[in-house]
Every structure is written in C-alpha cells, then in structure tokens.
Amino acid sequence: MTFAHILLQWFEENKRKLPWRNETDPYKIWVSEVILQQTRVVQGIDYYHNFIAHFPNVNALAAAPESEVLKVWQGLGYYSRARNMHVAAQTIANEHLGIFPHHYDEIRKLKGIGDYTAAAIASIAFNLPYPAIDGNVLRFISRYFGIFDNIALNKTRKFIVEKCRTLILPDEAGTFNQAMMEMGATQCTPQHPHCENCPFQSSCFASIHQQVENLPFKQHNITIKNRYFNYLFFIHQQKTVIQQRTANDIWNNLYELPLVETPTAEFDIHSFIQQQNIVCEDDPKMAWETKHILTHRNIFAKFFVLPVTKIPKLTQNQIVIDLKDFKKFPVAKITERFMMRLGELKSNITII
DNA sequence: AATGCGGGGTA
DNA sequence: TACCCAGCATT
C-alpha cells in the first residue's frame, strides 16, 4: 500500500459530510475555500449557504455593490477576503467572459487567491495535480516526516509542497488534497491527535519517536496591542450618524459610529463635546463599555449616547441615517453587538 | 522575512 | 490563558 492509497482509504471511511463536497462548480469551490481561510468549518458553513444564495454565480457577485458583499460577510472577519473576492469576480466577468479560469497560473493571479487556494481550486474543480498545503497539511506532514523547521517560514512551506508533490495521486488530485486536509483537521489534530487509531501510526516519524507534542515547530511571537475606541451615538428624532472606515486598518470599508480613538483609556466626553461645540439636550451617558478580543488586538470600546438638538456631521465622510436603516449597513461584530443592545437600552434610557 | 487582518472554539 | 483555524497582501 502506498501513502496515497492508505490516505484515500482512510478518507473514504472517515470524511465529514460538507456542503461543498462533490461540488464541481469552480465558483462554489472558490467561495468555500475563501470562507475557510483561517476559519473553522463549523463557523463557515452557514456563511457558505448564505453567500451562494445571495450570489449564485460569479456574474451575480461581480454585479453586486461592495457593501452588499460585505453585508453577507458581516461577522465572519478578515473582510479583505470579501473585498478581494468581489474584485476577482469582476476580473473573471470582464477578462474571462464570466468563465472561471481553468489553469493554475490564471487562477493564482486572481485577487485573494494565494498558493494554497489556487492549488485547492485547480485540484478539486479541475483535477489538476497541484498539492494544496494549508495549516492542516503542514502539521500532518511535519509530524509524518519529522520536519523540525519553523513552518512559518516560506522555505519550510516550499519544502513540504515538494514532499507532497511526490505523494500526490495525479489522477485523483482533488480527492487526495481534501484527504490530506481532512487528516490534519480530524485525525492529526493540533492537541491530542488520535494516533492510537491512525492508519499512519507505524510509519509516522513523530509517532515512532514520541515527538507528536513537539511538532509542528513554530515560534509564537505575536504582540497584542491595546486600542481604545470611543464611539459616539448621536440621537435626534430617530436619526443618527455613521461613517465608513476607509483607512488601511481594521474593518476597512465597513461602517461604524463616529469614532474617537485615544492612546489610552482616558477619554473625557464632556470636554470633547465642548471642544466640538456639540449641544446636547441632556447629559451624554456612557451606554456600554466592552473589551473586544481579537487575535492581535485588544479593543477597549466605549459607546456614548449623545441626545443632541441637531445631528452634527463632524467630518465629510459621515452620513445621517434613520435608526431603522442602521442594520442595512455592513458593520463589524462590535457595532452589531451595540445595535443589538439598543433595544435593551431603550427601556433604560428615556431619551432614545 | 515580518506584520496586519476577525472572530470564535478548545483545552 | 494560549493556541489556532481549508491564508493572503503588503512592506
């Protein structure tokens, strides 16, 4: 039995049933792959169905306004994925006659498609023999061959790509790649892998040499930075003001309340409204204080309710909207949570 | 080669 | 808490 045959037999017996399995439409395979970038399968499934329902094909996606795409993506995170997919859809519509490109090099050129996603689409949709190396495969292969190099390095990743090129079953590249990822995702897991019933137990370096806990090797050096966001919820006759984020920063192109970012938690709302000549009918109140935890950021946010005599526009990019229209705009999770709380706040804060 | 980019599940 | 998820773009 070759490596590939052991793998495929295990896969046949153990594969999960997923919405995009047995899918042949490259568009849908593309959507599933992008959704699953740095995202767990269980987290992505609902978004996959929803996305396909809204944008059933590449031309529908290309024709949609960006805000609509972001709205469907709302809550999933890494929003550049949605923006890049939108751009790529327009590239396919305009330069490929709306037909998803059939060659690896053409697929790889599309915005938001890197080495992994290009190989995944090429192999799964078109059965082209490109090994798809994601985090699951890096872990599985580094353990199987006993590769102690830092898997964060491009050099190591390329080495593992070449290893997999020798293992891949060219005629069943799509199935092979999915099986490799499934092996890493469900059998060769990060913590407490199930070596006791693994078909590679007797041939795996890490299993034989008791090195499973030490592989893959990676150095963890992410620095978590604190940021302090003070959001202003102006309210006057069921109207408020929002703005679109356009800086090269977190939540790019999503909407939010007017924001005052401060270097520390220190923020005096009273002196701020005085400086800005904002006239309130009643004292501004802090309605919600929360800590929003991300992989590389801790965002300490405060939301202030400002019952004003007139809705102010502090900057050009801000727009005045009816409260009931707030939910039409794509927003980050933290703003979504604040909107959810508005209903609860209404019973406590008389001015809303 | 290193950093920024979300949000959530798991131990 | 720390880790990490069917990664990619930018610098």
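We name chains A, B, ... by the order of the sequence lines, and we start the count at 1 in each one.
As rounded to whole Å, 12 Å separates atom P of B:dG6 from atom CD of A:Glu256. Rounded to an integer number of Å, the gap from CE of A:Met181 to P of C:dC4 is 19 Å. Spacing between atom CG of A:Asn154 and atom C1' of C:dA9 amounts to 13 Å, rounded to whole angstrom units. For A:Leu294 and B:dG6, the CG to P distance is 8 Å, given to the nearest whole Å.
Counting non-hydrogen atoms under 4.0 angstrom, A:Arg245 reaches nothing in the nucleic acid. A:Arg83 comes within 4.0 angstrom of nothing in the nucleic acid, heavy atoms only. Nucleic acid contact class of A:Ala332 (heavy atoms, under 4.0 Å, all strands): sugar-phosphate only. Nucleic acid contact for A:Gly75: sugar-phosphate only, since backbone atoms but no base atoms lie under 4.0 Å from a heavy atom of the residue. Nucleic acid contact class of A:Thr117 (heavy atoms, under 4.0 Å, all strands): sugar-phosphate only. Here A:Ile29 lies out of heavy-atom contact (under 4.0 Å) with every strand. Here A:Arg157 lies out of heavy-atom contact (under 4.0 Å) with every strand. Contacts of A:Val34 with the nucleic acid, taken as non-hydrogen atoms under 4.0 Å apart, are absent. The residue A:Ile35 sits apart from the nucleic acid: no heavy atom pair falls under 4.0 Å. At a threshold of 4.0 angstrom between heavy atoms, the contacts of A:Asn252 with the nucleic acid are absent. Using a 4.0 Å heavy-atom criterion, one finds that A:Trp20 contacts the bases of the nucleic acid, with or without backbone contacts as well.
For A:Phe326 and A:Tyr255, the ring centers are positioned 6.0 Å apart or more. Separation of the A:Tyr231 and A:Phe338 ring centroids does not fall under the 6.0 Å cut-off.
Nearest-nucleotide mapping onto DNA chain B: of A:Ile334 and A:Gln191, the residue sitting toward the 5' end is A:Ile334. The 5' end of DNA chain B is approached more closely, in terms of each residue's nearest nucleotide, by A:Lys155 than by the other of A:Asp249 and A:Lys155.
Remark: A:Thr39 is not in phosphate contact with B:dG6, judged by side-chain N or O atoms under 4.0 Å from OP1 or OP2. Side-chain nitrogen and oxygen atoms of A:Lys111 include at least one within less than 4.0 Å of the OP1 or OP2 phosphate oxygen of C:dT10. Dashed line: the shortest gap from a side-chain N or O of A:Gln37 to OP1 or OP2 of C:dG7 is not under 4.0 Å. Taking 4.0 angstrom as the limit, A:Lys333 places a side-chain polar atom (N or O) nearer than this to OP1 or OP2 of B:dG8. Contact check, A:Tyr78 against B:dG4: no side-chain N or O comes under 4.0 Å of OP1 or OP2. For A:Trp251, a side-chain nitrogen or oxygen approaches OP1 or OP2 of B:dG7 to under 4.0 Å. Distances shown here put a side-chain N or O of A:Arg297 below 4.0 Å from the OP1 or OP2 atom of B:dC5. For A:Arg108 and C:dC8, the shortest distance from a side-chain N or O to OP1 or OP2 is not below 4.0 Å.
The nucleotide whose nearest atom lies closest to any side-chain atom of A:His296 is, among B:dG8, C:dA6, B:dC5, B:dC5. With distances taken from any side-chain atom of A:Asp134 to the nucleotides C:dC4, B:dG7, C:dA6, the minimum falls on C:dA6. Comparing B:dG6, C:dC4, B:dA2 by their nearest atom to the side chain of A:Leu153 picks out B:dA2. Listed candidates were C:dA6, B:dG8, B:dA2. Nearest to the side chain of A:Thr295 is B:dG8. Set against B:dG7, B:dA11, C:dA6, the side chain of A:His192 has B:dA11 as its closest nucleotide.
Atom C1' of B:dG6 sits at a distance of 12 Å from the matching atom of C:dC5, rounded to the whole Å. C:dA6 sits 12 Å from B:dT10 when the P atoms are compared, rounded to a whole Å.
Classified by interplanar angle (parallel below 30°, tilted 30° to 60°, perpendicular above 60°), the ring pair A:Tyr228/A:Phe300 is parallel. Between A:Phe148 and A:Phe205, the ring planes are perpendicular. Angles over 60° get that label, and only those under 30° would be called parallel. Using bins of under 30°, 30° to 60° and over 60° for the plane-to-plane angle, the ring pair A:Phe200/A:Phe140 lands in the tilted bin.
A:Asn136 and A:Glu182 share no side-chain donor-acceptor pair at under 3.5 Å.
The closest donor-acceptor contact from the side chain of A:Arg16 to the backbone of A:Val41 lies at 3.5 Å or more, if one exists at all.
Donor-acceptor pairing under 3.5 Å, judged by distance alone, is present between the side chain of A:Arg40 and the base of C:dC4.
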